[in-house]
Amino acid sequence: MAIEIIGTGRGIPPTRLTNDDLAMKLDTSDEWIRSHTGICARHIADEATACSDLALEAARQALAMVVQQEGGSGNEALVEAALSLDVIVLGTATPDYLGCPSTACVVQDKLGARNAAALDITAGCSGFIYGLEIAAGLLGIGSGRKRALVIGSDILSRFVDWTDRGMCILFGDGAGAAIVEKTENPSTGPGKRGLLRTILGADGSGTEHLIMRRGGSRNPYKTGELVDIPPHIEMNGQAVYNFAVKRVTETIEKLLSQEHITIDDVSRIVPHQANARIVQAAGKRLGIPEEKFFLNIQEYANTSAASIPIALDELNRTGSLHKGDLVMTIGFGGGLTYGGNLIIW
Ligand code: UT7
């Protein structure tokens, strides 16, 4: 039995904001942003768009890919494909609603996935990595479930302080999705396929380093309270940077050693797109050539839980992933969390 990704999709808002656009409103420059992060532009959701809307677009694209591969077409086939889903797992830090209902339930309804259980997971930018492993568990032997939809979707533009130049330049909005299926292929031995291994971790002592302080039960808004800025994420950039380089390096090493392989066996590393310098620093420590890492941060900036599935979809749709390729995902985020998956495509 293997847990395989059989379709991918993404939902990207059309409005594109370049570094130069930002430099017209803030004390920053294209040169600073590019040289410190690798970011050139980001996409921003309009006011009417919520997390579930981007997630829905990504999910529909992923389902359409599966339908096409199965030789189907048309709306009826899409409806059937949605009904074939047994579970929806959605990673986000910016849900449609605070706590209840889950954004996964909103997507389940809009998609018409009436047979699917649905849940959100809060693992920050590691949401998709966690989500794949959670989906694999939910599809496990004896579960009676066969197909899962795993989504990472975030609208961080709505939760940053747009006057804070150290923060607002980093993020963009988007969603990415993967359809994951339990197949008859082997997951070990010759001809093995799918999700091989996942490492998940957390260091809760770093909660303060990436935090949205207001609005939850610790610090609720009070009746009549006047606020200067809407709820927004605060970050200790240097602490997150150091955590990220350390954990990304360690996780790559662990995935390789636990699977008894070398980096040469890996076709592509798909890292969380937070800062190109983090990826370069980890690559340098491990002697991994830069070309092994796929980066599209220049176009989308940091889309949080969406960044890895967006990147996977881009690679998939440009024909850059071939059956049998070994793909590694690596990520980190609020919590602080981290992790990585090894997948035979
Ligand atoms: O998904 C996980 C989320 N977060 C991350 O992955 C973030 C991890 N951290 C980082 O990527 C980096 O720490 C940042 C990109 C956030 C910051 O880069 P840095 O090289 O650590 O810059 P810094 O904060 O040390 O700031 C250096 C200088 C400061 O000026 P002074 O004090 O040296 O005069 C800042 O005020 O750069 C200034 N600065 C800017 N200048 C122009 C900070 N932001 C900007 C800006 N434009 N946007």
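Order of appearance sets the numbers: ligands from 1, and atoms from 1 within every ligand.
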Residue and atom name of the nearest protein heavy atom (relative to atom 5 (C) of ligand 1), distance in Å to one decimal
Val240 CG1, 3.7 Å
Kindly confirm or rule out an N or O of Thr37 lying under 3.5 angstrom from an N or O of ligand 1.
no
What is the nearest protein non-hydrogen atom to atom 20 (O) of ligand 1, stated with its residue, atom name and distance?
His36 CD2, 3.1 Å
Under 4.0 Å to a heavy atom of Gly166 - the qualifying atoms of ligand 1, by number:
44 (N)
Is a salt bridge present between Arg10 and Glu299, judged by a nitrogen-to-oxygen distance below 4.0 Å?
no
In terms of relative ring orientation, are His43 and Tyr300 parallel, tilted or perpendicular, with 30° and 60° separating the classes?
tilted
Of all protein heavy atoms, the one nearest atom 6 (O) of ligand 1 is Ala274 CB, 3.3 Å
Report the part of Thr28 in contact with ligand 1, treating N, CA, C, O as backbone and CB onward as side chain, heavy atoms under 4.0 Å; options are side chain, backbone, both, neither.
both
May I ask you to check whether Arg165 has an N/O atom sitting below 3.5 Å from an N/O atom of ligand 1?
yes
Given 3.5 Å as the limit, does a donor-acceptor pair link the side chain of Asp173 with the main chain of Leu156, or not?
yes
Below a 4.0 angstrom heavy-atom separation, can you tell me which part of Tyr241, side chain or backbone, both or neither, approaches ligand 1?
both
Indicate yes or no for a side-chain donor-acceptor contact from Gln108 to the backbone of Ala116 under 3.5 Å, with no hydrogens or angles considered.
yes
Per atom 18 (O) of ligand 1, closest listed option by heavy atom (Glu31, His272, Arg277):
Arg277
Ligand 1 to Gln238, heavy atom cutoff 4.0 Å, flagged ligand atoms 13 (O), 21 (O)
For Phe332, the ligand 1 atoms whose distance to one of its heavy atoms is below 4.0 Å:
2 (C), 6 (O)
Return the residue, atom name and 0.1 Å-rounded distance of the protein heavy atom closest to atom 3 (C) of ligand 1.
Asn302 ND2, 3.6 Å
Which is closest to atom 7 (C) of ligand 1 by heavy-atom distance: Gln273, Met235, His209?
Met235
Part of Met167 within contact of ligand 1 (heavy atoms, under 4.0 Å):
neither
Ranked by distance from atom 44 (N) of ligand 1, the top protein heavy atom is Trp32 CH2, 3.3 Å
Using a strict cut-off of less than 4.0 Å between a Lys/Arg side-chain nitrogen and an Asp/Glu carboxylate oxygen, indicate whether Arg247 and Glu250 qualify as a salt bridge.
yes
Short question: side chain of Ser29, backbone of Trp32 - any donor-acceptor pair under 3.5 Å?
yes
May I ask you to check if Arg42 and Phe171 form a cation-pi contact, with NZ or CZ under 6.0 angstrom from the six-membered ring centre and within 45° of the axis?
no
Atom indices of ligand 1 within 4.0 angstrom of Gly237 heavy atoms, with elements
8 (C), 9 (N), 13 (O)
Main-chain N/O of Lys254 paired with Ser257 side-chain donor or acceptor, under 3.5 Å:
yes
Regarding Arg165 and Asp27, does a basic nitrogen lie under 4.0 Å from an acidic carboxylate oxygen?
yes
Can you report which non-hydrogen protein atom sits closest to atom 11 (O) of ligand 1, along with the distance?
Asn275 ND2, 2.7 Å
Below 4.0 angstrom, N of the basic side chain to O of the carboxylate: do Glu133 and Arg197 qualify?
no
